[in-house]
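What you see below is based on every heavy atom in this structure, not just the backbone, and it leaves out hydrogens, waters and symmetry mates. Chain letters run A, B, ... following the sequence lines, proteins first, then strands; residues in each count from 1.
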Protein chains: 4
Amino acid sequence: MRAAVSKSFPKTKKDVVVEFRREMIFEAAAKAFGRAGYEATSVDAIAAEAGIGKGTVYLYFASKAEIYLSTTMHELNKIHAETVRRFAVLSSCKEKIELFIRIRLEYVESHRDFCRIYISEFGSAVTQPDPIQKQLRKMRLRQADLLTNAISDGIAAGEIRQLPARSAAFLITDVTRGLLERRVLGGSKSYPGEDLRAILDLLWNGLKGGTP
Amino acid sequence: MRAAVSKSFPKTKKDVVVEFRREMIFEAAAKAFGRAGYEATSVDAIAAEAGIGKGTVYLYFASKAEIYLSTTMHELNKIHAETVRRFAVLSSCKEKIELFIRIRLEYVESHRDFCRIYISEFGSAVTQPDPIQKQLRKMRLRQADLLTNAISDGIAAGEIRQLPARSAAFLITDVTRGLLERRVLGGSKSYPGEDLRAILDLLWNGLKGGTP
Amino acid sequence: MRAAVSKSFPKTKKDVVVEFRREMIFEAAAKAFGRAGYEATSVDAIAAEAGIGKGTVYLYFASKAEIYLSTTMHELNKIHAETVRRFAVLSSCKEKIELFIRIRLEYVESHRDFCRIYISEFGSAVTQPDPIQKQLRKMRLRQADLLTNAISDGIAAGEIRQLPARSAAFLITDVTRGLLERRVLGGSKSYPGEDLRAILDLLWNGLKGGTP
Amino acid sequence: MRAAVSKSFPKTKKDVVVEFRREMIFEAAAKAFGRAGYEATSVDAIAAEAGIGKGTVYLYFASKAEIYLSTTMHELNKIHAETVRRFAVLSSCKEKIELFIRIRLEYVESHRDFCRIYISEFGSAVTQPDPIQKQLRKMRLRQADLLTNAISDGIAAGEIRQLPARSAAFLITDVTRGLLERRVLGGSKSYPGEDLRAILDLLWNGLKGGTP
DNA sequence: TATGAATGAGGCTTCATTCAT
DNA sequence: TATGAATGAAGCCTCATTCAT
């Protein structure tokens, strides 16, 4: 039994292995869930994708629901962390909004598998088992908060007009999701750059506001 | 899918009965799917909700997937039709956009059960079986087209500035979905009116454009 | 939905079918459990033994545990009922004890399959899941009570000497179980009649008491 | 099974270690099996109880079934040996019978964990895999033989009347098991002493016999 | 036409056993 | 020698679908 204190620092070899395995499974699960969604994905499929035995999965996760939730949180945390990190060096609200969207677009490009989760689960949170739903909602709020803060700052700085920051933040997250969705589903024939530029332009005009 | 026109004119009594039964099942399915999502809803549950036998459901639909798709399309068609109908009497783009959103908000209020489908399935379309996905995508495009046209008209009329109508249309549909989602999930504590007004304001400013 | 009143009398056709099916499964379950015990018997095996599909079993029983408990109670009830019925025409305690044992011996002969449950589960009650254990214990007590009463009556009638009726009753049930066990496992080479006669003689002498 | 004598005289150090380890596991297994029965006890649980690795268990036992059988035999051998040892100093049959039961009652008190095995497995022997069953039956016969001999001696000595010694012996073992069972399951509210005295009295009267 | 009993494939999870370290 | 991570067979149970009535 490892004492509470030792927990943070001296990673035992076992800890490393466990972390490695979990990461492996995260990746496989992201792919598998991304392909078919929560219900339609079997634990078998995840194990196969990870190239390990089905039983092995249960050494690292207690249940299918936990795999799902952990995988989703793991990825969302990464995106969140990167957003926070890169926000730090920016001062203007405009730049932050653009970066917010751009990070997610990049993510979608480089994580074709997981992005489907990113997109669909925010949406279909409606139908998930309850504990999962709660967590997902929390993550979503946390994401919106990044923007809410940026916008509030922008308002304070006179960069944008007086408006309800939170509503604006949600508007941006919603639009971002739609953008990603069209990228992934290929519904939009426009070059992503074009679509993005148009969206940003619209957003920005909306935020800056029609000063008569 | 039976197009109303396609089959020779006089609807037989049988056709009427069939239509009636299907309608019944649509309603029940909307409620049931809305409660729990596609996978977690059993055909049994739908039959029970409709007050008929499970076997009977299969006389009117070939499979669970078909029930789902048909139900979804049925509802979306109703929304679409109403939108078209009410667009007809409006001329300004601004009014149309507002109406587009308002119709959907009203819908959510009066169809608490089905609206979860409306919301989640646009999102989780990503993870549906392929034929379902295709149909849903088509519906989504058709919906966006209503706005695209309205916007194009607005541009032509000089009501709003020159901008890619399609991108703007998608932006509106995405924002609308987010709005509904927050209504249903109760994540937003703001009065719906407030949130809506803020969103409309933002949209409109974005569309009208920053005339310096 | 059948009203509460109608429950006892007019057996619907469905009730009959259900009863029939349950009986079928009881029989199969008795055989299967008898062969291998609770844990080692699969629901599949029971279904196969009954000649029906696995899913069908679950139309009549909620779980494996319920099958087990119901089957056991069903059989034990039959034995109990017969004992009660045949006790009614007897007056002497001696006869009752002999009948008690004889009924169970007959049962073992004619129900080779279930008798293993009868025997082992009284014994291995120790290791069953809790709700099962409780029920089994109750059945066992009920069985012993039949004898306790008979013995009390015998004491009152001066037929046997003063002694703790309950302890004596348990002694008889224990001995009976052992007798059956040896019959079923074939461990005893003595003719059953001999063993039985010896046991009865011992019991009777024990109960009647050493008249000096 | 390693008979102490069979292998050349000088026990190697290895033999000692092996014996030690097996003993450790016996103890742990007795506790674990006693808690939950054969099927519901995992090898993991046994290893944990013994404070060793799961793999280690398999260095000393070939399978779970072997652990079970060995453990049971180990305990039964201890009881048997003690019975033999303490029988040696007694001459009357009556004393021996009383001692036989008393030893087992004491055992139950001091080995709360294993006693459940002692009780249930004689009973559920019916449902064990065959090789286990055979061994258990043998142990049971050996146990009964102790009593058979004592009774035969008693008859020869005129201490008790002429009767089938073997049947009487079984009767005693059966009654003993029942006694223990009630102790462990707590079904009997009578003080154990009372129950025991009543049983002994009954037995003795039965054996000594009805003097006409 | 309407029904729901019957079915069995398939899903999640556990656990005895093996084997590389 | 000791370990425990890895495995996959096997178990319980659900549910979409069929079919005899």
Side-chain angles (χ1 to χ4, degrees), chain A residues 13-14 17-18 20-21 38-48 50-68, chain B residues 14 17-18 21 38-48 50-68, chain C residues 13-14 17-18 20-21 38-48 50-68, chain D residues 14 17-18 21 38-48 50-68:
Chain A
K13 197 169 69 183
K14 196 188 129 176
V17 172
V18 166
F20 175 72
R21 276 277 189 268
Y38 180 73
E39 299 279 359
T41 298
S42 72
V43 174
D44 252 334
I46 296 171
I52 62 180
K54 189 183 3 175
T56 309
V57 171
Y58 282 90
L59 294 178
Y60 299 96
F61 296 91
S63 67
K64 182 182 168 183
E66 207 219 292
I67 301 172
Y68 184 76
Chain B
K14 195 181 123 182
V17 171
V18 165
R21 276 278 192 260
Y38 181 74
E39 298 281 356
T41 298
S42 69
V43 175
D44 249 337
I46 295 171
I52 61 178
K54 191 181 9 173
T56 310
V57 171
Y58 280 89
L59 294 178
Y60 299 96
F61 296 90
S63 67
K64 183 181 166 184
E66 207 221 292
I67 302 172
Y68 184 76
Chain C
K13 198 168 70 183
K14 197 188 130 176
V17 172
V18 165
F20 176 72
R21 276 275 189 268
Y38 180 74
E39 298 280 0
T41 298
S42 71
V43 174
D44 253 335
I46 295 171
I52 61 180
K54 189 187 358 176
T56 309
V57 172
Y58 282 91
L59 294 179
Y60 299 97
F61 297 91
S63 68
K64 182 182 166 182
E66 208 221 291
I67 302 172
Y68 183 76
Chain D
K14 194 181 123 182
V17 170
V18 166
R21 275 277 192 263
Y38 181 74
E39 298 281 357
T41 299
S42 70
V43 175
D44 248 338
I46 296 171
I52 62 179
K54 190 179 12 172
T56 310
V57 171
Y58 280 89
L59 294 178
Y60 298 97
F61 296 90
S63 68
K64 184 182 165 183
E66 207 220 294
I67 302 172
Y68 184 76

May I ask you to say what [X] touches in the nucleic acid, namely base, sugar-phosphate or nothing, with a heavy-atom cut-off under 4.0 Å?
X       : result
D/Ile52 : sugar-phosphate
B/Phe61 : nothing
B/Thr56 : base

- First of C/Tyr60 and B/Val17 reached from the 5' end of DNA chain E, by closest nucleotide: B/Val17
- Message: Pick the closest DNA chain E nucleotide for A/Ala62 and for B/Lys14 by heavy atoms, then say which residue is nearer the 5' end.
- Response: B/Lys14
Whole-Å gap separating [atom2] ([N]) and [atom1] ([X]):
X       : N      : atom1 : atom2 : answer
A/Lys13 : F/dT3  : NZ    : C1'   : 12 Å
B/Lys64 : F/dT18 : NZ    : P     : 15 Å
D/Asp44 : E/dT14 : CG    : P     : 12 Å

- Toward the 5' end of DNA chain F, which comes first, C/Thr41 or A/Arg21, by nearest nucleotide? A/Arg21
- Task: Return the 5'-most residue of the pair D/Gly53, B/Tyr58 with respect to DNA chain F, ranking by each residue's nearest nucleotide.
- Result: D/Gly53
- Message: Please check this pair: side chain of C/Tyr68 against backbone of C/Glu39, looking for a donor-acceptor N/O pair closer than 3.5 Å.
- Response: no
- Query: For the side chain of B/Leu59, counting heavy atoms from C-beta on, which of E/dT1, F/dA5, E/dC12 is nearest?
  - Reply: E/dT1
- Message: Checking base pairs now: Watson-Crick or wobble, both atom distances under 3.5 Å. What partners F/dA20?
- Response: E/dT3
- Message: My understanding is that a pair needs two contacts under 3.5 Å, Watson-Crick or G-U wobble. By that rule, which nucleotide pairs with F/dT14?
- Response: E/dA9
- Message: Let's test your reading of the model: under 3.5 Å, does the base of E/dT7 pair with the side chain of C/Lys54 as donor and acceptor?
- Response: no
